[in-house]
2 protein chains.
Amino acid sequence: MPVRQADVAKEAGVSPRTVSNVINGHPHIRPETARRVREAIAKLRYVPNPSAQTLRTGRVGILGFAVPDLSLPYFAELATLMTREAAERGYTLLLDVTSGRAEAEQHVVSGLRPRVMDGLIMSPLALCPEQLTDSAGGKPLVLLGEWGVQKSPLAYVGVDNVTAAASATRHLVETGRRRIAAVGPVRGRTGGAASQRLDGYRQALTEAGLAVDERLVVEVDRLDREGGQAAMAALLAAGDLPDAVFCFNDLVAIGLCWAAQEAGLRIPADLAVIGWDDTPEARWARPAISSVRADTEQLAQRSVAALVGQIEHDEPPRHEYVAHHLRARTSTTGRPYRPGETVEGPDWERLPPPAVRPR
Amino acid sequence: MPVRQADVAKEAGVSPRTVSNVINGHPHIRPETARRVREAIAKLRYVPNPSAQTLRTGRVGILGFAVPDLSLPYFAELATLMTREAAERGYTLLLDVTSGRAEAEQHVVSGLRPRVMDGLIMSPLALCPEQLTDSAGGKPLVLLGEWGVQKSPLAYVGVDNVTAAASATRHLVETGRRRIAAVGPVRGRTGGAASQRLDGYRQALTEAGLAVDERLVVEVDRLDREGGQAAMAALLAAGDLPDAVFCFNDLVAIGLCWAAQEAGLRIPADLAVIGWDDTPEARWARPAISSVRADTEQLAQRSVAALVGQIEHDEPPRHEYVAHHLRARTSTTGRPYRPGETVEGPDWERLPPPAVRPR
DNA sequence: CTGAAAGCGCTTACAG
DNA sequence: CTGAAAGCGCTTACAG
């Protein structure tokens, strides 16, 4: 019932081979022939059958993007950008929600899925690169979070967590804070972005001549508002409050601010707070919350480019860093802020655009 | 290089036909044969090639879900639920972000996409059902928003916007409000959910013996925080402030609260505010914002069921309603609220679960 | 209950 | 520059 290539060929008075050539843009086709074929395609509203194409060529035209949690605005934003980025290169993006469960991540990577995708971009939470390496089903894989990827043979795109975290911490120091807490390592999960951010945090404190007090490093169950709320409760219960908190994402910062304000603390007078991801919710919070922003456009662009490069040109996997910025707002500066304004932090950093670090 | 059905057949000492029968669960297979086949499958780690299956059967195993905007938490939540729901029925969910552009919506429905999906669930923003009807590419389509679907032949799943909006408005009346504004119709877009919510709003006001003041109906450019901010600015500029606002989603409510508080208004003492979607951001706002919640689990479950029913059993399209609830919080009641608590509104409503209204 | 064979709709060496 | 033909890996009437 649907129109086939053969119907187009008959309509245009050529062989199917020629129709295929026109569609796939092969050179050396007589302009007149090409025109006739194109007219026939338009007239019959012919659309090639993707399954037949895939069966024949082994190429699917689909990139996978596996995210742990779409309710994190960071991933929702990234998914939107990736969809666009993939479309520009002629691919469709297939989104997979793993909920951070190891089983789901495993399934995406090694299960049925590889067959319906040409490659996968993933932000692993439960699985570490070693577990992913073998199982990628032979398809190219690009990693987005970090999980001790330094020594992994897999491709990786992300921000330099150490530098960015140091920059956030330094910002707190420069606004006069001395007892700075860090909230965000996830209980029971070691390595990954969190440990790099802790490195940056400790490094900046040491450079500023401040002591590192391990009691001020607070773990959370999840990087969500409830986690931030619980962390603030723990800090309050411990007494000897910090005068600033570096939160590993905005949701944690929001929950923490909630609990702090509930306890009568003023932000930033009593407690400065900085988050991570630069979500709209942080910009619209009262007071507006300072945040570290990864350049998500670059992230989407580079990771899709890296994946397509592996797929189409067999490029070797490499590690790549994207820019980050510090958005200083009321929760650290005390200065009024209206959503929509962009206030670069005093010591914001930007890595040179094609910051490629070959492995 | 990958293992094919024929390899499994040879390993098990049967014909490909038998392997296919075992995989597809055909009856009347000798248990001993089935066991041998299954062992061979496991041993060789055979996975059927989906493209070949699709080419042969015409069935893809993929459901599409087209959303206008993943940064709306409502859609992010729905996407997560739908993914799970689809997986339970053996389908993969393909997410498409249309950004509410007519062109993108058209493309999803009529473009290349229908060939890679068995059916589509979509929340149209720019296109009305009439435009969608012809173009569905012959594949089943389930609509999620409303766009004057009452008379559309397309399947529809959603909340009863009239009833829910009336309920929200009545709640404001019952907490003593008399000048109640409605913020949310999108400028230049007529019909759809917004006009139904306006109907419910007017209906409730009239029933309460209050006059409907059309100057209190405020349009927005988009249903986002900026839209709410601008709407509040307009209300402030107009003078003669309302004492309550019914916002058509939580983002608008959040932007509106921001602007109201910036102007020195106290919520709810000076202005009561209720939103729609019951997002976490509304629960964690200060004060916590009351909201109308559609039962998203039901929505996901019913819409996937309706789509799969059309695909697999050729069921006729029908209109179906899911339950909604009113979550009364500080922004209307003035009572303290801690995120995580569930406070049903005094006049919350729930439609009987299988609320099917055949067309 | 299972084999041998055709065909889903493409692409692509192989000829001309 | 274009035709005729094979084959990608499945499923399924058709026989037995």
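Below, chains carry the letters A, B, ... as their sequence lines are ordered, and counting in each starts from 1.
The side chain of Pro48(A) has dC10(C) as its nearest neighbour among dG3(D), dC10(C), dT12(C). Closest to the side chain of Gln5(B), out of dC10(D), dG9(C), dC10(C), is dC10(D). Closest to the side chain of Asn21(A), out of dC10(D), dT2(D), dC10(C), is dT2(D). Picking from dG3(C), dC10(C), dG3(D) the nucleotide with the shortest atom distance to the side chain of Val14(A) gives dG3(D).
Considering only side-chain N and O atoms, Ser15(B) lies nowhere under 4.0 angstrom from the phosphate OP1 or OP2 of dT2(C). Close to dG9(D), at under 4.0 Å from its OP1 or OP2, lies no side-chain N or O of Gln53(B). Contact annotation: Thr18(B) does not reach the phosphate of dT2(C) (side-chain N/O to OP1 or OP2, under 4.0 Å).
One atom, CG of Asp7(A), and another, C1' of dC8(C), lie 14 Å apart when rounded to the nearest Å. Distance Lys10(B) NZ to dT2(C) P: 20 Å, rounded to the nearest Å. Between the CZ atom of Arg56(B) and the P atom of dG9(C) there is a distance of 10 Å, rounded to whole Å. One atom, CD1 of Ile23(B), and another, C1' of dT11(D), lie 11 Å apart when rounded to the nearest Å. Regarding Asn49(A), its CG atom lies at a distance of 13 Å from the C1' atom of dG7(C), rounded to whole Å.
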* Test Ile311(A) against Leu63(A) for side chain to side chain contact (heavy atoms under 4.5 Å, CB included), laying out the working first. => CA-CA 10 Å; Ile311(A) 293 168; Leu63(A) 306 182; 3.6 Å; yes
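At least one donor-acceptor pair under 3.5 Å links the side chain of Asp118(A) to the backbone N or O of Ile62(A).
Nearest-nucleotide mapping onto DNA chain D: of Arg17(B) and Leu55(B), the residue sitting toward the 5' end is Leu55(B).
When both distances must be under 3.5 Å, the Watson-Crick or G-U wobble mate of dT2(D) is dA15(C).
Remark: the separation of the C1' atoms in dT12(D) and dG16(D) is 16 Å, to the nearest Å.
Atom CZ of Phe65(A) and atom CG of Leu78(A) lie 4.5 Å apart (nearest 0.5 Å).
Residue contacts shown for Arg4(B) are limited to sugar-phosphate atoms, with no base heavy atom under 4.0 Å away.
A salt bridge is absent between Arg59(B) and Glu312(B); no separation between the charged side-chain nitrogens and carboxylate oxygens falls under 4.0 Å. Using a 4.0 Å cut-off between charged nitrogen and carboxylate oxygen, Asp7(B) and Lys10(B) do not count as a salt-bridge pair.
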